[in-house]
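The next block holds one structure in the form of structure tokens; read it before the comments.
Atom set for the values below is all heavy atoms of this structure, side chains included, hydrogens, waters and symmetry mates excluded. A note on names: the letters A, B, ... follow the listed sequences, proteins ahead of strands, and every chain is numbered from 1.
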There are 2 protein chains.
Amino acid sequence: MNPSIRDVAKKANVSISTVSRVFNNPESVNQEMRERVLKVIEELGYAPNPFASGLRDNRSKVIVAMIPDIENPYFAEMLSGIEEVALSNRYTVMICNDIQNEERFLHYVKTFVKMKVDGVIFASTVITEFYRKNFEALRVPVVLASTEGREWNLPSVRVDDYQASFDATTFLIQNGHEAIGFLSGPEQAPIAGRERYEGFVAAMKAHDLPVSAQHVVFSEEMSFDAGFAAMAKLYAKMPHLTAVYAASDAMAIGAMQFLHQQGLEVPRHVSVMGFDNLELSRMVSPGLTTVAQQITKIGKTAAELLFQAIENREEERDEALESVRMEHEIIVRGSVRNRRLLEE
Amino acid sequence: MNPSIRDVAKKANVSISTVSRVFNNPESVNQEMRERVLKVIEELGYAPNPFASGLRDNRSKVIVAMIPDIENPYFAEMLSGIEEVALSNRYTVMICNDIQNEERFLHYVKTFVKMKVDGVIFASTVITEFYRKNFEALRVPVVLASTEGREWNLPSVRVDDYQASFDATTFLIQNGHEAIGFLSGPEQAPIAGRERYEGFVAAMKAHDLPVSAQHVVFSEEMSFDAGFAAMAKLYAKMPHLTAVYAASDAMAIGAMQFLHQQGLEVPRHVSVMGFDNLELSRMVSPGLTTVAQQITKIGKTAAELLFQAIENREEERDEALESVRMEHEIIVRGSVRNRRLLEE
DNA sequence: TTGTATGCGTTATCAG
DNA sequence: CTGATAACGCATACAA
């Protein structure tokens, strides 16, 4: 059996309240006594029993990361960032995977309510009434990562997808491309869908290039397979295209696969640009030129924001948190050809 | 505030012990009463407070999955399997990532001891005295996944890496390859290192093919970059090779990248074979021929074994668990050329 | 079969 | 500054 606060108290010849204070409010204890207690704590390897603390003050020192797909490296990376910050705050991170699956999500939320988790980071998924309702049931602070919740006043951490998409498209244009196709995410998704789409369109227009429904294929998914299929459709509409920009790396790589199967070389015949800068994007040949998000840092920042909110709530302050915009960056690899240089 | 067992008791006009029994031992309670209580439970949305239960009987209903790298799709997949089984047993899974990092690992173990987690699944990492000591400190059942602990009598779930490697090599040989190089994992690692290496050597010998130190490069890591570097070394030793077999898909893809940069085409000039069947391996061009482990199923099986052990322990039985061997399978994609067919 | 009473380990309140 | 004690919610030994 682990030593309890009573064991410590007995051995140090003090009351249990003193031991408790040494833990929770050390300055309020006379130095000599404090040292004596600390020594015994050390000797016995005492640590407060979290069940007892939890029972007392209804806090678990656990936060939850809610993500769509742990097998997707994007979220794995984000988790690393979250974990790092949580660890240094002496919190534990629980993962709620596959949040698109409502039944599963509900089951988890129930567990979390019971566990009295102290906060939630919710990633990359469009906030519907369903999710909002469940956030409410949890009655804890929520921070969004790579998604948007202005409508409900939820703080978020994400890049400016519109601007990033604008920059990516501009990069292609600056490399001499004019017939550029876009493989978009779902039309309804505000971030990975609409914002990136609008950034693309705006950049084309800003450079007086034609852009129409012909230039775009929307997909429900943003996966490798979806990219492959979307590229097939796009190619049918735009056989003359010289560049494709995809709203995710996975899609871009799917598109590359399709082009490859058509006997088209990247970047000789068609240039390809992605979005995300997954680990994966440097493993393909040629390396994928893409827009980098600082994913780990998004995770870290979201966690920091969350702890701020948790603290605010503990001190019964009621400051709303600011949302944060992260930087983005274009990573140049080999998949985009500069048509302004030596035309072959 | 959430309803407590007392609220239910009052509203149903029974004692709290009856309510408790309805939860923990329903048959021991008179049907009529049970129904009355259940109805109130429903109405109030009552659920036992896990802190209180935990405090009482020192169990958390949490298991831990200890893995080296959550960003590696292999473990992400395994986690899915573990989670599924845990969920259906009304357990929660906590993830302990980056277990190679001893400091971090220790921090986690401390947390887990305090949390009184009920069991551990430990994946893919060589069991050193350090880990074993910490398992002991946790004093809960441990099941190994994709690693080996016969020495300490720990049950494990994994494929027969020796046989799988033998089969992979044989596949290359049957496709007419003779000058085959092997990119191995760490020489010290019993599974991904030694067993796969020995399987390779045995297959070569079984087919009367020459095999020596010249045919093999060992790497500390089994990553993309390690594969790239190892391939460079191997190619320097064996410029005439017609096939490479790598101990992991990531290495195989790194090797493909190197070959590509040398102007060598896969599989025209060199055939490549991997191990793991990551999602990734079908995204590269050509698709990687590889050895598939049923990773999700390994996770599931490990979790099932663990719950069996937890149950045994609760009932104070002391049956040792059997280890389990999983099937493997060769997945044929485009990266291996059959030299027995039309020689170009 | 049901109810009563106790203790799990902690923290906070209050009295000294 | 320190100590005694109540309360958190539950499960069980024991009594009825």
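With a 4.5 Å cut-off on side-chain heavy atoms, A/Val157 and A/Met326 count as touching. Side-chain atoms of B/Thr147 and B/Ser156, non-hydrogen and from C-beta on, never get closer than 4.5 Å to each other. Inter-residue side-chain proximity for B/Met94 and B/Phe112 is flagged as met; some heavy-atom pair is nearer than 4.5 Å.
Along DNA chain C, the nucleotide nearest B/Ala52 and the nucleotide nearest B/Glu27 are compared for position; the residue whose nucleotide lies closer to the 5' end is B/Glu27.
Per the geometry, CG belonging to A/Asp7 stands 16 Å off P belonging to C/dG7, to the nearest Å. Rounded to an integer number of Å, the gap from A/Arg6 CZ to D/dG3 P is 15 Å. Per the geometry, CD1 belonging to A/Ile5 stands 11 Å off P belonging to C/dG9, to the nearest Å. The distance from atom CG of B/Asn30 to atom P of C/dG3 is 10 Å, rounded to the nearest whole Å. Rounded to whole Å, the distance from CZ on B/Arg56 to C1' on D/dC8 is 15 Å. Rounded to whole Å, the distance from CZ on A/Phe51 to C1' on D/dA11 is 14 Å. Atom CG in A/Asn49 sits roughly 13 Å away from atom C1' in C/dG7 (whole-Å rounding). Rounding to whole angstrom units, OH of residue A/Tyr46 and P of C/dT10 are separated by 3 Å.
Distance from the side chain of A/Met33 is smallest for D/dT2 among the nucleotides D/dT2, C/dT10, C/dT2.
Considering B/Val93, B/Ile63, B/Val64 in turn, B/Val64 is the only one that fulfils the side chain to side chain contact (heavy atoms under 4.5 Å, CB included) rule with B/Val117. Here the rule is side chain to side chain contact (heavy atoms under 4.5 Å, CB included) with B/Val143, and of B/Leu305, B/Ile82, B/Val120, B/Thr301 only B/Leu305 fits it.
Remark: B/Glu83 engages A/Arg104 in a salt bridge, criterion side-chain N to carboxylate O under 4.0 Å.
Applying a 4.0 Å cut-off to non-hydrogen atoms, the residues of residues 14-24 of chain B that approach DNA chain D are B/Ile16, B/Ser17, B/Ser20, B/Asn24, listed by residue number.
Within the nucleic acid shown, A/Ala9 has no heavy atom closer than 4.0 Å to any nucleic acid atom.
Ring centroids of A/Phe23 and A/Tyr46 are separated by less than 6.0 Å, placing the two rings close together.
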